There are 2 protein chains.
Amino acid sequence: MANERSKGVDITQQILAHATRLFAARGFVGASLRDIAKAVGIRKPSLLYHFNSKDDLRRGVLASMLAHWNEVVPRLLKAATSGHEQFEAVATETLEFFRADPDRARLLLRELLDRPEEMEPLIESHVQPWTKIICDYIRKGQQQGRVHADIDPEAYIVHMINLMVCGVALQDSITALMPGRPATDEVLPERYVTELLRVARAGLFIDPASARAGIDPPDALPSGVRDSSGDAAE
Amino acid sequence: MANERSKGVDITQQILAHATRLFAARGFVGASLRDIAKAVGIRKPSLLYHFNSKDDLRRGVLASMLAHWNEVVPRLLKAATSGHEQFEAVATETLEFFRADPDRARLLLRELLDRPEEMEPLIESHVQPWTKIICDYIRKGQQQGRVHADIDPEAYIVHMINLMVCGVALQDSITALMPGRPATDEVLPERYVTELLRVARAGLFIDPASARAGIDPPDALPSGVRDSSGDAAE
DNA sequence: CGGGTTGCCTACCGAGTGGTAGATAGCAAC
DNA sequence: GTTGCTATCTACCACTCGGTAGGCAACCCG
């Protein structure tokens with residue numbers, strides 16, 4: 001046993017991976033340390049050698065997810081400040097972060113339900129700054145007349161995040177609402193995310209085609225107010 | 001029922017109420033029978049006299065919620081078939097069902113995460129019929145040119161349900177993203193739901209003002225006709 | 001070589017879990 | 001009174017939980 005002491009993957013990373021999967025699937029209290037250790041292929045005390053307590057493991061799993069999030073942040077920042085297709089880039093980049101591993105969405109969702117007061121500072125530090133940037137983007141679009149004037153930017157962003165996180169977390173179970181599941185298991189998720197992005201665009205842009213053109217990043221506003229025929233704000 | 005010989009309120013209903021609250025707050029495994037019994041004011045074996053097992057109690061809680069849902073169904077049906085403001089009525093009626101008791105949303109969300117295969121038939125039987133009705137409504141609106149042609153009706157509905165359920169379930173924790181929380185605790189939820197309904201309208205209607213006018217309910221056109229170029233954009 | 005560290009193990013602990021057995025008290029009908 | 005039913009209780013059960021104690025083998029470094 002233990003011939004391969006220097007296995008290719010760090011045992012700590014293996015523990016984090018399996019813990020993430022089981023926490024996401026069964027919840028924190030529902031996934032026992034024994035089960036996690038068994039999934040890794042070790043005994044429970046060995047697991048507790050790497051993480052001092054179950055709660056320590058939970059924080060490690062959370063930190064691991066946030067570390068992955070921080071990896072995509074540079075691309076997100078670049079996309080948010082680039083000249084074109086800002087909306088498309090930011091939205092799809094964020095969505096793909098969760099789609100790449102739906103356990104991230106499920107884990108985040110469970111933690112928000114179980115420990116909202118503990119998640120609040122994490123949310124504020126990791127995504128609050130983004131909301132400000134996107135709010136500026138939206139308000140600029142409103143000045144240019146490309147974005148609905150009656151948007152509440154902060155609330156809009158919260159709803160879009162909600163849509164992405166919960167949409168991915170519940171994708172398997174909630175698509176039971178959509179008919180034609182048999183034989184279309186491949187294309188259904190695509191329909192699902194395509195419509196999600198369409199809703200996001202339609203909720204933002206007066207002319208959805210503007211989503212691809214983007215909003216002029218420079219502070220100038222030469223583009224005239226286009227097609228503001230029926231502004232039915234409340 | 002309503003014999004009222006023992007107590008003013010049926011003890012079974014008290015158990016269901018407290019179990020709903022604790023299951024929603026801590027999850028099924030996180031809420032113990034002792035805690036639920038203590039909340040009611042009885043001992044654990046007394047609770048197990050009314051519900052044969054913890055799983056029996058869980059099914060009872062679920063059945064209780066579905067019973068409440070069935071109470072609003074007639075209003076929903078009336079709203080969906082009335083001549084005007086169909087969209088507004090159905091959307092707000094559904095949203096208010098969860099807003100009236102956010103534990104319903106949290107409970108539903110947790111069950112979808114914990115037991116998706118068990119929730120699937122419940123979803124199909126209780127909300128699948130509604131999606132068909134609303135899909136017809138959307139397709140009719142597309143024929144009339146009031147609704148975006150590139151909507152995927154089934155997917156759109158799933159996203160709106162997702163938005164309402166998860167939006168209410170996470171309202172307290174997710175609004176941490178929105179600044180200005182202090183001193184505005186009263187108006188923030190209103191901003192939140194107002195924007196939610198705005199997103200739903202904007203995702204549906206080409207001219208959001210149509211939401212209040214509604215779509216002509218009489219079948220002016222044969223409903224079998226599909227739109228001409230309804231393929232979703234990529 | 002020998003001590004120290006690392007990583008994993010078996011065996012065990014107290015606490016808490018869902019669930020059961022059986023006694024008790026109130027009440028209604030005969 | 002007696003019987004029977006309902007609803008609650010105390011006491012207890014087997015089991016699982018997170019966590020600890022201590023031993024053991026393999027490595028690193030002097």
Side-chain angles (χ1 to χ4, degrees), chain A residues 1-64 107 110-111 114-115 118, chain B residues 1-64 107 110-111 114-115 118:
Chain A
M1 64 183 83
N3 280 341
E4 317 206 52
R5 163 130 316 174
S6 60
K7 288 193 97 171
V9 184
D10 188 2
I11 192 71
T12 301
Q13 294 304 316
Q14 288 188 47
I15 294 172
L16 284 175
H18 284 100
T20 299
R21 182 173 54 83
L22 288 172
F23 284 164
R26 309 178 193 174
F28 180 67
V29 285
S32 71
L33 291 181
R34 280 175 179 81
D35 291 342
I36 297 169
K38 179 182 285 185
V40 178
I42 60 177
R43 306 292 159 261
K44 184 188 51 163
S46 307
L47 193 157
L48 284 167
Y49 170 79
H50 295 277
F51 295 89
N52 292 327
S53 70
K54 193 184 186 183
D55 212 63
D56 192 24
L57 176 58
R58 180 180 62 81
R59 284 188 293 267
V61 164
L62 232 49
S64 169
L107 193 75
R110 297 196 108 115
E111 288 296 311
D114 289 344
R115 277 164 288 275
E118 190 172 332
Chain B
M1 60 184 75
N3 216 353
E4 246 169 308
R5 68 177 180 193
S6 53
K7 289 287 179 61
V9 182
D10 189 1
I11 193 71
T12 301
Q13 293 304 316
Q14 287 188 49
I15 294 173
L16 285 174
H18 285 100
T20 299
R21 182 173 53 84
L22 289 172
F23 284 164
R26 310 178 192 175
F28 179 67
V29 285
S32 72
L33 291 181
R34 279 176 179 81
D35 292 342
I36 297 170
K38 178 182 286 185
V40 177
I42 59 177
R43 305 293 159 262
K44 184 187 53 164
S46 307
L47 194 157
L48 284 167
Y49 170 80
H50 295 276
F51 295 89
N52 292 327
S53 70
K54 194 184 185 184
D55 212 64
D56 192 25
L57 175 58
R58 181 181 61 82
R59 285 189 291 267
V61 165
L62 232 50
S64 170
L107 193 75
R110 296 197 107 115
E111 288 297 310
D114 288 344
R115 277 165 288 275
E118 190 171 332

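Fair warning: this is a prediction, and the values are worked out from it, not measured in the lab. Chain identifiers are assigned alphabetically (A, B, ...) following the order of the sequence lines, protein sequences preceding nucleic acid strands; residue numbering begins at 1 within each chain.
Residues from residues 46-62 of chain B with heavy atoms under 4.0 angstrom of DNA chain C, sorted by number: B:Leu48, B:Ser53, B:Lys54. Using a 4.0 Å cut-off on heavy atoms, the residues of residues 17-44 of chain B that approach DNA chain D are B:Ile42, B:Arg43, listed by number.
Take B:Arg59 and apply the salt bridge (Lys or Arg N to Asp or Glu O under 4.0 Å) test, not counting sequence neighbours, and it matches B:Asp55. Considering only residues two or more places apart in sequence or on other chains, A:Arg115 meets the side chain to side chain donor-acceptor pair (under 3.5 Å) condition with A:Glu111. By the side chain to side chain donor-acceptor pair (under 3.5 Å) test, B:Gln13 pairs with no residue at all, sequence neighbours left out. For A:Ser53, the side chain to side chain donor-acceptor pair (under 3.5 Å) test picks out no residue, with sequence neighbours left out. With sequence neighbours excluded, the residues satisfying ring-ring contact (aromatic ring centres under 6.0 Å, His included) with A:Phe28 are A:Phe23.
Applying the ring-ring contact (aromatic ring centres under 6.0 Å, His included) test to residues at least two apart or on different chains, none of the pairs has a partner in residues 41-63 of chain A.
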What pairs of donor and acceptor atoms, side-chain ones from residues 30-40 of chain A against any protein atom, are under 3.5 angstrom apart with sequence neighbours left out?
{"unit_1": "A:Ser32", "atom_1": "OG", "unit_2": "A:Asp35", "atom_2": "N", "d": "3.2"}
{"unit_1": "A:Ser32", "atom_1": "OG", "unit_2": "A:Asp35", "atom_2": "OD2", "d": "3.2"}
{"unit_1": "A:Asp35", "atom_1": "OD2", "unit_2": "A:Arg26", "atom_2": "NH1", "d": "2.9"}

